[in-house]
Amino acid sequence: MSGNYVQLMFRVLSGSKCSVSIILWILAGFLLLLHFFSLVSHKDGTSGEIELHISHNPSFRELVEVEEENIQIPPPRGKRSPRAAKRRPKRTTTLIDEFLDENSQLRHVFFPDMKTAIDPMKDNGNDSFYYYPGRIWLDTEGAPIQAHGGGILYDERSRTYFWYGEYKDGPTYHAHKKAAARVDIIGVGCYSSKDMWTWKNEGIVLAAEETNETHDLYKLNVLERPKVIYNDRTGKYVMWMHIDDCNYTKAAVGVAISDYPTGPFDYLYSKRPHGFDSRDMTIFKDDDGVAYLVYSSEDNSELHIGPLTSDYLDVSNVVRRILVGQHREAPALFKHLGTYYMVTSGCTGWAPNEALVHAAESIMGPWEDMGNPCIGGNKVFRLTTFFAQSTYVIPLAGLPGLYIFMADRWNPADLRESRYIWLPLIVRGPADRPLEYNFGFPLWSRVSIYWHKKWRLPSRWSG
Ligand code: GAL
């Protein structure tokens, strides 16, 4: 039957002059449609499974509930900090002004004090395992966790999570009038946990250099955003970090190595990767064991991405420029069902701004913008990434589609008082804007970060 139809079609078309090209066009169109349908149904199928998983699990349902925030701005008291007054002299105050004003009456909303600290060691009853974004978080010895701009390593060998970050428990000051607020380098803090809620201080695993002024880690320099990955081939733990001078003109990456996740790490060297300036950065280890360095470059106007050498101790000579001209920083990468996603922030120093998600089929690009992932809170919350800046996204074994978004709520008046914003990040449902490379087809799932005053991981998650 169908053979007859084809013969008939051929006979009809062979009458016309442009028969061959018409057939080719029809065929091409048919194949294109087939391709799109298979892609869309593939993506729908997998995200459908996850959606089922999410909507059937009561604790998952709580994670995607949209929680609103209604914060009343108090009438002005007349006494604002000189810096805040200078910033916005004649305008009604907004929530962001209140956030930036260290004397604001709302300070406790953004930086709640010790009375509300999360203390996993006390009897928490029904409150166990709850994350309270923004509250002080105590380690197992009762001291506030110091691991800012951090990242998590899951160590298969010890089946333990390690949280590395900037240990900033020192005085905040300005190196000179125009310089950004800073704390001298103390080192990289490391905390270990089995449940990602109870954290034991493992000490400073890479310490500042106190006397040698020519050393990268000399205390008056800058060490930010340390990240650690494990090299399966060499059996070494490798740390990459942003290394700079106090004016951020060195713009380099540093590399350190250890036999153990708890260090001590030996500092190896710093360099400008691929010969370019490098400020905010991260590293990402792919499923095939290839690791990548991602860094803000060309004065933060674009990001660069390139694979590391197989020992993870250097960059290779392959590099791509991505998000060119977009001025993004604080990159945090993760992979879901073969697609790469990255959360970034804008470049406004310690002040918060709007997060964006980007996605790519190949890690080397092209990367496409998928918009702001933040859901809930209120408009200002969403436009400021909940008053925080991305630093890492933690995958959760056994819970496809659910991740923890890790961000820093910086307190430039006293950087050691900066807080951690951990929130559920969920990949599901169609993206909410057409994507350039797919003729408007939303091939990728939406990435959503849900605001919660308190939340916990599904209880069956064993850690
Ligand atoms: C931010 C950056 C932070 C830190 C800060 C200093 O833009 O993300 O890691 O470098 O600037 O002002």
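Note that ligands are numbered from 1 as they come in the structure, with each ligand's atoms numbered from 1 the same way.
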Applying salt bridge (charged side-chain N to carboxylate O under 4.0 Å, His left out) to Glu69 and not counting sequence neighbours gives Lys453

Sorted by chain and residue number, the salt bridge (charged side-chain N to carboxylate O under 4.0 Å, His left out) partners of Arg328 (sequence neighbours excluded) come out as none

Those residues at least two apart in sequence (or on a different chain) that pass ring pair (Phe, Tyr, Trp, His ring centres under 6.0 Å) with Trp451 are Phe381, Phe386

- Task: Taking atom types as modelled, find out whether Arg182 and Tyr173 have a side-chain donor-acceptor pair closer than 3.5 angstrom.
- Result: yes

- Message: Using side-chain contact (heavy atoms from CB on, under 4.5 Å), reason through Met364 and Ile322 one step at a time and then give a plain yes or no.
- Response: CA-CA 8 Å; Met364 297 296 279; Ile322 60 171; over 6 Å; no

OH of Tyr295 to CG of Asp277, rounded to nearest 0.5 Å, is 8.0 Å

Per the under 4.0 Å non-hydrogen criterion, ligand 1 touches Ala180, Glu224, Arg225, Tyr248, Asp280, Glu329, Gly349, Trp350, Gln389

